[in-house]
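Down below is the structure, laid out as structure tokens.
Lettering of chains follows the sequences in order, A, B, ..., and the numbering in each one begins at 1. Just so it is clear, the values below take in all heavy atoms, side chains as well, and ignore hydrogens, waters and symmetry mates.
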Amino acid sequence: MLQAIDLTKRYEDQQLALDALNLEIKEGEIFFLLGANGAGKTTTINLFLNFIEPTGGKALINGIDVTKEPLESKKYVSYVSENVMLYGNFTARQNLDFFAKLGGKPNLTKEDYYMRMREVGLQEEAFEKKLKTFSKGMRQKVGLTIAIIKDAPNILLDEPTAGLDPKAAAELMQILVNLKRQGKSILMCTHDIFRAKNIADRVGIMKEGRLVMVRTRSEFLEDDLEKIYMNYMQEMVIENR
Amino acid sequence: MILHIAKKDFLDNFTSARFVAGFLLCLFLVPFTVYTGTRLYESRVDKYQRDAREADEIFTKAQVYAQIQPVAVIQPSPLTIFSKGISEQVGSKASLSNSEIPTFATGITTMYENQFLNRFVSLDFINILAIILSLIGVFLSYDIFSREKEDGTLKLLLSNNVKRSDFFLGKVSGILLTFIPLLLVCYILVFIILWISPSVSLSADDYARILLLFVFSLLYLSFFILLGSYISSKAGTSSTSLIINLFIWCFLLFLLPNSMSYLGKNIVKSDNYSIVRMNTMDLDNEFWKKYGELQKQVKAETGMVYTNWNLCAGWNYGPVLLCFTTHDVMKYERRMHELTAPMVLDYAGKKWHLQEVYLNQLFHQQKIVKYLSCLSPSEILKYVSSSLCKSDMENHVDFMNQARNYREQFFNYYKENKIFSSYNYFSPHKESEIPKTQEEAMKMVAQWRSTAKPESTFDLSSLGFISTAGLPRFTYNERGIIDGLSDQLWIFAGLISACVVLIWITYSSLIKYDIR
């Protein structure tokens with residue numbers, strides 16, 4: 001379970017990146033965080049991963065305060081970034097092996113890695129190929145496999161579908177649905193309203209560091225999420241003028 | 001965790017194009033340099049053997065004691081193949097005459113006799129390590145953190161249960177681990193070339209020194225890896241880090257040593273050696289004045305008016321190898337040698353005071369240049385290496401001091417055994433064989449001429465050789481590793497301190513490193 005309680009981040013230049021965010025993502029829930037660039041989505045993820053220190057409030061992973069016990073909290077979370085480059089000189093399997101050991105899974109065999117890569121739809125011939133020959137979609141799948149192998153109860157994804165072709169994006173969404181069925185709490189930051197409508201259990205819209213709206217699946221299907229999102233975006237454009 | 005990250009980095013670096021390129025460069029340059037160094041060493045060994053033979057012949061072919069002006073010769077060390085130091089600039093033998101205490105050694109050995117050829121910097125194995133390996137170090141470490149950030153792997157890595165300190169130590173250890181096989185290959189290449197060279201034989205002491213050289217090379221590389229890591233932790237991007245790293249590398253390896261050497265020479269000025277020679281000439285003039293007075297005194301003392309030398313084959317402040325000459329002349333010359341020889345030694349000592357002042361100026365200048373240029377790690381490597389390879393200034397100074405001490409010991413032996421006042425100091429005849437009259441002397445000359453080889457006017461070998469068995473002979477006692485390193489201890493400690501400081505500031509920087 002992921003929890004943000006009055007989570008606030010103000011940078012040294014006094015810019016308020018996140019303003020008292022309150023959020024709770026339960027087990028087996030997919031939460032999509034939508035918003036324009038600079039709305040505070042990635043800051044939220046950075047705070048959950050303790051990459052930056054909050055200036056107020058707290059972020060909890062499975063009830064563990066990430067600021068007080070950063071190493072302990074990281075045992076319970078996996079992360080997939082926007083542009084997974086990984087180590088180009090290593091094969092997909094070698095990359096998995098490295099991150100699996102970092103994630104506390106030292107005893108996995110070659111077959112375990114192959115099985116996981118099959119699960120995310122990677123072709124057999126890619127398993128022992130160097131990652132520098134992979135397309136972005138294939139690298140993203142390897143990144144997701146790393147998250148799956150860690151088998152943490154919470155998964156944070158930062159714009160994972162950016163730059164992916166529709167087929168690859170759809171495959172990625174299917175994997176997230178499967179992970180949700182396994183009881184994982186999933187927080188995904190994205191601009192992709194289409195994917196949100198497809199698989200999200202709840203959607204939040206962020207604007208200038210504040211979570212301005214949260215809708216459940218039934219609510220956003222009823223109210224037309226695209227329209228709500230565009231209204232918020234237009235408001236922001238007018239305010240900026 | 002540290003080991004796991006280090007292993008990953010080792011494999012990643014080991015298969016990288018930049019490492020392979022650097023490795024191939026070493027494979028080409030190291031054998032080439034070592035082969036050239038071995039040829040040079042062989043030519044120095046040849047010269048040493050000739051010099052040693054000649055130095056020995058001074059004793060074995062001496063017919064009178066005044067002929068013996070010993071020469072101290074130092075055997076070249078095979079370790080100069082690793083680091084030439086100043087061995088090419090200074091000589092390998094010291095001529096130890098009674099009239100002068102040597103300031104400098106003579107017999108500079110250069111393999112390439114053609115002085116019209118342009119020459120680049122003196123390249124040896126350590127120079128190659130200093131330049132090429134530090135450059136590979138820079139190329140492997142400039143993006144140690146920034147590349148992970150740019151590729152997004154830093155976030156992924158630190159989203160796991162990994163301490164930043166473990167990450168830092170793992171990354172740095174990974175690069176260091178990459179260098180160990182590279183360094184080992186370089187050293188193995190050197191050993192292969194040395195083993196197939198018949199003239200090179202290494203002692204146990206040499207192997208111990210090479211081992212220390214290996215450890216020190218690794219420390220030197222650690223400095224550049226840590227420096228690259230620090231810059232990588234501070235620079236925004238890998239390209240910025242590379243530019244800063246390359247600038248600092250050029251500054252530390254080329255600009256700093258040269259400018260510090262120039263600065264040092266200007267801070268501590270030394271006299272021109274010709275001024276020292278002019279001052280010693282004043283003492284020479286004083287000596288000759290006293291010498292003239294002594295001649296008058298001895299002539300008055302012995303009643304000698306005209307000294308008729310029937311056969312004399314040399315001169316050393318009086319006749320040397322004076323033969324078939326009448327007893328009264330011999331007596332006069334013996335008395336002259338008895339009085340002038342200590343005076344020659346005394347004036348050599350007086351001239352030495354002037355020479356020593358000049359030498360001390362040079363040593364002081366060298367020390368200042370050394371202190372200043374040791375701000376550059378490559379200079380530290382060169383100083384410590386030349387010390388380990390017995391090719392530094394301290395080793396040369398030690399040889400010259402031992403040679404000077406031997407000279408003193410040698411001529412003290414002459415004094416104590418009253419050799420200066422003996423006939424055998426300048427004549428091969430025993431006192432009883434010295435002719436009393438000129439007629440007797442001429443008879444002896446005629447007899448000698450009948451036995452001597454007709455083609456040689458001065459073949460005096462039939463007159464026999466003196467026994468030099470009891471005379472002190474020069475043996476060079478090499479400085480031990482500890483003695484050599486104790487001189488360099490402070491610069492060695494300086495480099496270790498610099499590495500420790502770099503570890504600390506890089507770690508501090510990484511703790512605050514913005515990984516977003």
Checklist outcome for this item: If one checks every heavy atom of A:Ile146 against chain B at 4.5 Å, the contacting part turns out to be side chain
Next on the checklist: Taking side chain as everything from C-beta outward and backbone as N, CA, C, O, which of these in A:Thr42 sits under 4.5 Å from a heavy atom of chain B? Side chain, backbone, both or neither.
Outcome noted: side chain
Checklist entry - Below 4.5 Å, heavy atoms only, C-beta onward: do B:Lys155 and A:Asn46 meet side chain to side chain? => result yes
Item to check | Test item: B:Leu157 and A:Leu102 side chains (from C-beta on) under 4.5 Å apart, heavy atoms | outcome: yes
If I compare all heavy atoms of [X] with all of [Y], which pair ends up nearest, and what's the gap?
X        : Y        : result
B:Arg164 : A:Phe51  : NH2-O, 4.2 Å
A:Lys74  : B:Asn161 : CB-N, 4.2 Å
B:Thr153 : A:Tyr87  : CB-OH, 3.7 Å

Rounded to the nearest 0.5 Å, what separates atom [atom1] in [X] from atom [atom2] in [Y]?
X        : Y        : atom1 : atom2 : result
B:Ser159 : A:Ile45  : OG    : CD1   : 11.0 Å
A:Tyr79  : B:Leu156 : OH    : CG    : 8.0 Å
A:Lys101 : B:Ile5   : NZ    : CD1   : 13.0 Å

Item to check | B:His4 (side chain) donor-acceptor with A:Phe98 (main chain) under 3.5 angstrom | outcome: yes
Item to check | Short side-chain donor-acceptor distance under 3.5 Å, A:Lys75 and B:Asn160 | outcome: no
Checklist entry - With respect to chain A, which residue among B:Thr15, B:Asp12, B:Val162, B:Leu11 yields the maximal number of heavy-atom pairs within a distance under 4.5 Å? => result B:Asp12
Is the count of non-hydrogen atoms from other residues, nucleotides or ligands lying under 6.0 Å from [X] atom [atom1] greater than 12?
X        : atom1 : result
B:Phe247 : CZ    : no
A:Lys58  : NZ    : no
B:Tyr35  : OH    : no
B:Phe254 : CZ    : yes
A:Glu72  : CD    : yes
B:Leu3   : CG    : no

